[in-house]
Amino acid sequence: MTRQPNGTDYVLHLLYAVPILRGDTQVIEDVLTLKDISVQIKLDEKVKQVMLLPEMTMIPHMTDEEGYTSVSVSLTGHQMVLFQT
């Protein structure tokens, strides 16, 4: 997770791949899709909205009484999730 220069946004990078060692090189042949991955984060600020990047698609989120924000995402190799505070 990285904090953006504006100081109010955070980007979470989710990565998944299964490399296969071929000689001295790791190769990714099959890129699998993972669906409905549950993610919880806790930030000092209240999360106003959550979006997938670079699509800029808003996704539903829920913040509990302890301050944890939960989202569910799918990813194929890499997915960025923007948390706007």
Side-chain angles (χ1 to χ4, degrees):
M1 178 173 275
T2 58
R3 188 174 196 166
Q4 298 304 292
N6 65 9
T8 61
D9 295 344
Y10 296 82
V11 175
L12 175 67
H13 292 265
L14 300 170
L15 301 168
Y16 180 77
V18 181
I20 300 169
L21 189 60
R22 297 269 167 89
D24 294 332
T25 305
Q26 290 188 350
V27 177
I28 299 171
E29 287 187 350
D30 298 322
V31 180
L32 304 174
T33 298
L34 301 179
K35 295 184 178 193
D36 300 322
I37 304 299
S38 178
V39 176
Q40 286 187 328
I41 65 163
K42 185 173 184 179
L43 300 173
D44 293 334
E45 301 92 354
K46 182 178 190 257
V47 175
K48 294 178 184 169
Q49 61 184 10
V50 181
M51 286 188 229
L52 298 178
L53 296 178
E55 303 95 323
M56 298 299 285
T57 304
M58 296 206 24
I59 60 172
H61 69 282
M62 188 176 0
T63 302
D64 66 17
E65 61 278 349
E66 295 177 14
Y68 287 92
T69 299
S70 301
V71 295
S72 180
V73 297
S74 297
L75 68 119
T76 304
H78 178 237
Q79 181 63 64
M80 295 182 291
V81 184
L82 173 66
F83 294 86
Q84 293 183 319
T85 61

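Because the structure is predicted, anything quoted here is derived from the model rather than measured.
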Inter-residue atom distance [X].[atom1] - [Y].[atom2], 0.5 Å rounding:
X   : Y   : atom1 : atom2 : answer
D9  : L43 : CG    : CG    : 10.5 Å
L34 : S74 : CG    : OG    : 8.0 Å
T57 : L52 : OG1   : CG    : 5.5 Å

Which residue pairs pass the salt bridge (Lys or Arg N to Asp or Glu O under 4.0 Å) test when at least one of the two sits in [range], sequence neighbours left out?
range          : value
residues 73-85 : none
residues 12-37 : R22-E29
residues 40-69 : R3-E45

| request: Please identify each residue that fulfils side-chain hydrogen bond (donor to acceptor under 3.5 Å, both in side chains) with S70, with sequence neighbours left out. | output: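 Counting only residues at least two positions away or on another chain, S70 forms a side-chain hydrogen bond (donor to acceptor under 3.5 Å, both in side chains) with Q40.
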| field | Sequence-distant partners of T25, side-chain hydrogen bond (donor to acceptor under 3.5 Å, both in side chains), two or more places apart | value |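 With sequence neighbours excluded, T25 shows a side-chain hydrogen bond (donor to acceptor under 3.5 Å, both in side chains) to no residue whatsoever.
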| query | Which residues pass the side chain to side chain contact (heavy atoms under 4.5 Å, CB included) test with T76, sequence neighbours left out? | reply |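 Testing T76 for side chain to side chain contact (heavy atoms under 4.5 Å, CB included), a comparison that skips the adjacent residues, returns V31, T33.
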| query | Linking Ile, Leu, Val, Met, Phe, Trp and Tyr through side-chain heavy atoms less than 4.5 Å apart, which residues share a cluster with L15? | reply |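 ILVMFWY cluster around L15 holds nothing else.
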| query | Within a reach of under 6.0 Å around CE of M62, are more than 12 heavy atoms found that belong to other residues, nucleotides or ligands? | reply |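 Counting other residues, nucleotides and ligands, CE of M62 stays at 12 neighbours or fewer.
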| request: Verify side-chain contact (heavy atoms from CB on, under 4.5 Å) between M1 and I41, making sure each step is shown before the conclusion. | output: CA-CA 10 Å; M1 178 173 275; I41 65 163; 3.6 Å; yes
With a 4.5 Å cut-off on side-chain heavy-atom distances among I, L, V, M, F, W and Y, is there a chain of contacts connecting [X] to [Y]?
X   : Y   : answer
V50 : I37 : yes
Y16 : V71 : yes
V18 : I28 : no

| field | Distance-minimising heavy-atom pair for H61 and V47 | value |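 For H61 versus V47, the nearest heavy atoms are NE2-O, 3.6 Å.
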| query | Are the side chains of T2 and Y10 in touch, meaning some heavy atoms are under 4.5 Å apart? | reply |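 In short, these two side chains do not touch, never coming nearer than 4.5 Å.
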Donor-acceptor list for residues 78-85 side chains, cut-off 3.5 Å, not counting sequence neighbours:
from	atom 1	to	atom 2	distance (Å)
H78	NE2	H13	ND1	3.1
Q79	NE2	L53	O	3.1
Q84	OE1	Q49	NE2	2.2
T85	OG1	T8	O	2.3

